[in-house]
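Chain letters run A, B, ... following the sequence lines, proteins first and then strands; every chain starts at 1. Computed from a predicted structure; not experimentally measured.
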There are 2 protein chains.
Amino acid sequence: MTSDDTPRTRAPRADVRRNRARLLAAAREMFARDGAGASLEGVARLAGVGVGTLYRHFPTRQDLLEALLADAYDALADRGRELLGSPEPGRALLAWLGEFVAAVSQFQGTAPSVLVSLDAERPAGSRPCRAMRDAGEALFARAQESGEAPAGAAFLDVLKLAGGIATAAEREPGAAERLLSLAASGIAPGAAGAARDAAGGPG
Amino acid sequence: MTSDDTPRTRAPRADVRRNRARLLAAAREMFARDGAGASLEGVARLAGVGVGTLYRHFPTRQDLLEALLADAYDALADRGRELLGSPEPGRALLAWLGEFVAAVSQFQGTAPSVLVSLDAERPAGSRPCRAMRDAGEALFARAQESGEAPAGAAFLDVLKLAGGIATAAEREPGAAERLLSLAASGIAPGAAGAARDAAGGPG
DNA sequence: ACCTGAACACCGTTCAAGT
DNA sequence: ACCTGAACACCGTTCAAGT
C-alpha cells in the first residue's frame with residue numbers, strides 16, 4: 001500500500017530483461033540467416049540461454065516474430081501519422097503500403113506469419129501492431145474520403161492483400177514493387193466494376 | 001529395334017502405377033485433413049507402402065503437391081480456352097483468376113507451395129502446370145489488347161498476385177473473393193497511375 | 001521467480017538388404 | 001527395376017531439479 005495502489009506490471013528483474021534482449025538479438029541473427037523457420041533450439045543456444053527460457057519469454061514462434069517486428073511496427077505507425085499530412089491521400093496510402101510490405105519481408109518466411117497475425121478475431125496483437133494498424137487505417141480512410149480508394153473495401157483486407165503480396169514476392173527481390181503497383185492500379189478495373197454493379201452494387 | 005526406334009518412356013510396371021495411385025490418394029486424404037505440411041511418413045503408411053517408395057516417386061514434397069494439382073491445372077487450362085470465347089475479356093480473366101485461387105487453395109497451406117512453383121526460372125513445372133499458365137496468359141493478353149488489363153504488366157506477376165491472394169485468404173473462407181475484387185478494381189487506381197506517370201511512364 | 005537442460009515424442013531422409 | 005523399413009540426424013516442447 002504505497003502511494004500507487006494498482007501497479008499491474010512490476011519492473012522485471014535485471015536478468016530477465018537481459019535474457020529477453022539476448023534472445024531477440026539471437027533470433028534476429030538466426031532469422032536473417034535461416035529465415036523465419038530457423039531452429040528455436042539454435043536461437044536459445046546462440047543467446048547463451050536454456051530452451052526453457054526462450055519458451056517462457058516467447059511461448060510461440062509467432063510471439064517471437066511479433067517481438068522482432070515491434071520496432072518496425074512502431075516506425076510504420078509514425079510514418080503513417082506523418083503521411084497523413086501529405087497532400088495526396090492515394091499516393092500517401094500506396095507509399096505506406098510499400099513500406100509495410102518491405103517491413104514484413106525483412107526476414108525470409110516472415111510474411112506468412114504476419115498474415116496469420118492479421119487473422120480476424122485474434123487477440124488484436126501487440127501494442128506496436130495495433131498502432132501500425134490504426135495509422136494505416138487512418139491513411140486508408142482519408143484516401144476513401146477523397147475518392148481515391150474504393151469505398152466498399154475494408155482496411156484489414158487491404159492489409160491482407162499487402163501481406164499476400166509480400167509473401168508472393170518474398171523469394172524475388174523487386175517483385176514486391178511490381179505486384180503492389182499492379183494491385184494499386186487494378187488487374188482489370190473496368191471489368192471489376194461491371195462485375196460489382198451486376199451483383200447489385202453498394203447501398 | 002522394332003518399328004519405333006525412339007521409345008523414350010517405357011510403359012511403367014503395373015505395381016509402379018498402382019503404388020503411385022495409392023500414394024496420391026493417401027496424400028490427398030492426408031493433405032485434406034492436416035494441410036500441405038502433413039507427415040510424409042503418414043502418407044506412406046496410409047498408402048500401405050514404404051517411405052522409400054514415396055521418395056522414389058516424389059523426391060520432394062513439392063513434386064507430390066504438383067502431382068496432386070495436375071487435374072486441377074488441366075481443368076483450368078480447359079476453362080481458360082473456353083473463356084477465350086466469351087465476349088468480355090476483362091471479366092473472363094477475372095473469372096479465371098477466381099477459379100485459379102480456389103484451385104490452389106484446395107488444401108490448407110497449398111498456396112505458398114504454388115507460389116514457389118511460380119518462381120521465375122524453375123524447370124517450368126509439370127505439363128499440366130504449363131498448360132494452365134499458357135491458357136491464362138492467352139486470356140490475359142486478350143484483356144490487355146482490349147484495354148481492360150494494364151499493358152505494362154506481365155502475366156506471371158498477375159499469377160503471383162493471385163497466389164498471394166490465395167495465401168492471404170487461406171485461413172478465411174470468403175476472403176479470397178474480397179481480396180481478388182480489391183486487386184481487380186485497384187487499391188488506389190488514380191494514385192497508382194500518377195505514380196507511374198511521375199516515374200516516366202511506358203514508351 | 002526464474003533458469004537449466006535432460007527427456008520424450010516425432011519427423012524427414014537415406015540406403016543396405018531384399019524380391 | 002523396384003520396394004522395404006531400420007537407422008540416423010535433427011527438432012519442438014515439456015518439466016523436474018536447481019538457484
Taking every non-hydrogen atom, the tightest pair across A/Arg171 and B/Leu115
NH2-CB, 3.7 Å
Out of D/dC3, D/dG12, C/dT13, whichever nucleotide has its closest atom nearest the side chain of B/Asp15
D/dC3
Provide, to the nearest angstrom, the distance between the CE atom belonging to A/Met30 and the P atom belonging to D/dC10.
13 Å
OP1 or OP2 of D/dC3 versus the side-chain N and O atoms of B/Asn19: is any pair under 4.0 Å?
yes
Return the value, rounded to whole Å, for the distance between atom CZ of A/Phe58 and atom C1' of D/dT14.
19 Å
Hey, are B/Glu145 and B/Arg142 close enough for a salt bridge, meaning a charged N less than 4.0 Å from a carboxylate O?
no
Taking D/dT4, D/dC3, C/dC11 as options, the one with an atom nearest any side-chain atom of B/Val49 is D/dT4
Could you state the CG-P distance from A/Asp63 to D/dG12, rounded to the nearest angstrom?
15 Å
By nearest-heavy-atom nucleotide on DNA chain D, the more 5' of B/Arg13 and B/Gly52 is B/Arg13
Paired with C/dA9: which nucleotide, if any, by Watson-Crick or G-U wobble criteria at under 3.5 Å for both distances?
none
Distance check needed: D/dC2 C1' versus B/Tyr55 OH, whole Å only.
18 Å
Spacing between B/Arg45 atom CZ and C/dC11 atom P, to the nearest angstrom:
7 Å
Aromatic ring pairing A/Phe155/A/Trp96, orientation class (parallel under 30°, perpendicular over 60°, tilted between)
tilted
Calculate the interatomic distance between A/Glu41 atom CD and C/dT4 atom P; express it in whole Å.
14 Å
Considering Watson-Crick and G-U wobble pairs with both distances under 3.5 Å, what does C/dT4 pair with?
D/dA16
Among the nucleotides C/dC2, C/dG12, D/dC3, whichever has the atom closest to the side chain of B/His57 is D/dC3
Heavy-atom nearest pair, B/Ala111 first then B/Gly163, reads CB-O, 4.2 Å
Any idea which of D/dG12, C/dG12, D/dT14 is nearest the A/Val51 side chain?
D/dT14
Which atom pair, heavy atoms only, marks the closest approach of A/Gly80 to A/Leu139?
O-CD1, 3.8 Å
Could you check how far CG of B/Leu54 sits from C1' of C/dT13, rounded to whole Å?
11 Å
Rounded to whole Å, how long is the line connecting atom CG of B/Leu40 with atom C1' of D/dG5?
16 Å
Let's see if you can work this out: which of C/dC11, D/dG12, D/dC3 has an atom nearest to the side-chain heavy atoms of B/Thr53?
D/dC3
Counting heavy atoms from C-beta on, name the nucleotide in C/dC3, D/dC2, C/dA6 closest to the side chain of A/Val16.
C/dC3
Whether B/Ser39 contacts C/dC10 is assessed here as follows: a side-chain N or O lying under 4.0 Å from the phosphate OP1 or OP2. Is that the case?
no
